[in-house]
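Numbering of ligands and ligand atoms starts at 1, following listing order. One-based numbering along the sequence shown. Because the structure is predicted, anything quoted here is derived from the model rather than measured. All values below were derived from every heavy atom in this structure, side-chain atoms included, with hydrogens, water molecules and symmetry-related copies excluded.
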Amino acid sequence: MPQPPIERLLSQVRYDGGCWTFTGPARNQYGYGGVGKRLAHRLSYEALVGPVPAGLDLDHLCRNRRCVNPLHLEPVTRKENLRRGESGEAGAEFQRRKTHCPHGHSLAPGNLDAWSLKVGKRNCLTCRRARHTARRR
Ligand SMILES: [Zn+2]
Ligand SMILES: [Zn+2]
């Protein structure tokens, strides 16, 4: 019996902190991974969460195009997806609306990295401290 695509997908994943980085072949010129004819991140979302609403794209909240962790994927309109990728006002608005970091920590006021706030971003302080500790070891 052929292996279901989601199992083939998960057998080619490297767990990178919170990201599930797909290590299989690239499917298109944008660098997204693929399993058979399917885009890896889309397949993962549909198998583990549910169907992506018609007409919507999956946006990578973690900005890692090879990531197939469904918690890092959010269905958005193509327009919104493109907007988020841009810098400037649209990017700033996305930063303001973020509620959780890609590792699932709440971006409440006490958990915001002060340095990132200065440059208009809202990055997770817990993650920054964890990276800092990892470097010192
Ligand atoms: Zn990710
Ligand atoms: Zn975090």
Side-chain angles (χ1 to χ4, degrees):
M1 210 170 64
Q3 212 182 9
I6 184 64
E7 285 185 16
R8 263 203 288 157
L9 170 84
L10 293 176
S11 69
Q12 299 177 80
V13 161
R14 190 178 69 227
Y15 297 94
D16 254 344
C19 284
W20 302 1
T21 303
F22 182 69
T23 59
R27 165 91 173 83
N28 65 17
Q29 73 271 34
Y30 304 111
Y32 294 111
V35 174
K37 289 193 163 76
R38 306 292 318 280
L39 285 172
H41 64 294
R42 222 175 151 98
L43 172 67
S44 167
Y45 189 91
E46 288 179 353
L48 303 172
V49 179
V52 179
L56 297 191
D57 278 349
L58 285 175
D59 183 36
H60 278 93
L61 298 174
C62 59
R63 296 275 156 261
N64 173 6
R65 284 178 171 178
R66 306 287 289 182
C67 177
V68 297
N69 182 346
L71 293 176
H72 294 184
L73 298 168
E74 184 189 14
V76 294
T77 60
R78 173 139 316 173
K79 206 170 139 214
E80 174 68 12
N81 201 356
L82 291 175
R83 257 161 41 93
R84 287 181 182 184
E86 290 163 8
S87 50
E89 185 48 33
E93 190 198 317
F94 173 59
Q95 291 291 338
R96 275 198 296 275
R97 291 195 317 126
K98 272 202 303 193
T99 59
H100 286 79
C101 82
H103 294 106
H105 307 123
S106 166
L107 290 176
N111 189 35
L112 291 173
D113 169 38
W115 184 83
S116 73
L117 283 175
K118 277 189 210 151
V119 294
K121 292 188 176 165
R122 295 170 68 235
N123 288 343
C124 174
L125 187 59
T126 306
C127 285
R128 198 166 103 97
R129 286 197 179 128
R131 278 198 299 275
H132 196 75
T133 314
R135 259 204 306 275
R136 265 195 312 220
R137 265 202 297 265

Undergrad: Angle subtended at the Zn ion (ligand 1) by SG of Cys62 and SG of Cys67, to 10 degrees?
TA: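 Here the angle at the metal atom is close to 110°, to 10°.
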Undergrad: Answer yes if Val49 and Leu43 sit in the same cluster of Ile, Leu, Val, Met, Phe, Trp and Tyr residues linked by side chain heavy atoms under 4.5 Å apart, and no otherwise.
TA: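 In one cluster with Val49: Leu43, no.
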Undergrad: Could you check whether atom CZ of Arg78 has more than 12 heavy atoms from other residues, nucleotides or ligands sitting under 6.0 Å from it?
TA: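 It does not: Arg78 CZ has 12 such atoms or fewer within range.
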Undergrad: Classify the angle between the aromatic ring planes of His60 and His41 as parallel (below 30°), tilted (30 to 60°) or perpendicular (above 60°).
TA: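 Because their plane-to-plane angle lies in the 30° to 60° range, the rings of His60 and His41 count as tilted.
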Undergrad: Where the Zn ion (ligand 2) is the centre, what is the SG-to-SG angle for Cys127 and Cys101, rounded to 10°?
TA: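 SG of Cys127 and SG of Cys101 make an angle of 110° at the Zn ion (ligand 2), to the nearest 10°.
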Undergrad: For the Zn ion (ligand 2), find the closest N/O/S atom on His105 and give its atom name.
TA: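 So the atom name we want here is ND1.
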Undergrad: Among the N, O or S atoms of His72, which one sits nearest to the Zn ion (ligand 1)?
TA: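 Going through the N, O and S atoms of His72 one by one, ND1 ends up nearest to the Zn ion (ligand 1).
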Undergrad: So if I apply the side-chain contact (heavy atoms from CB on, under 4.5 Å) rule between Val68 and each of Phe22, Tyr32, Tyr45, which one comes out positive?
TA: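 The option that passes is Phe22.
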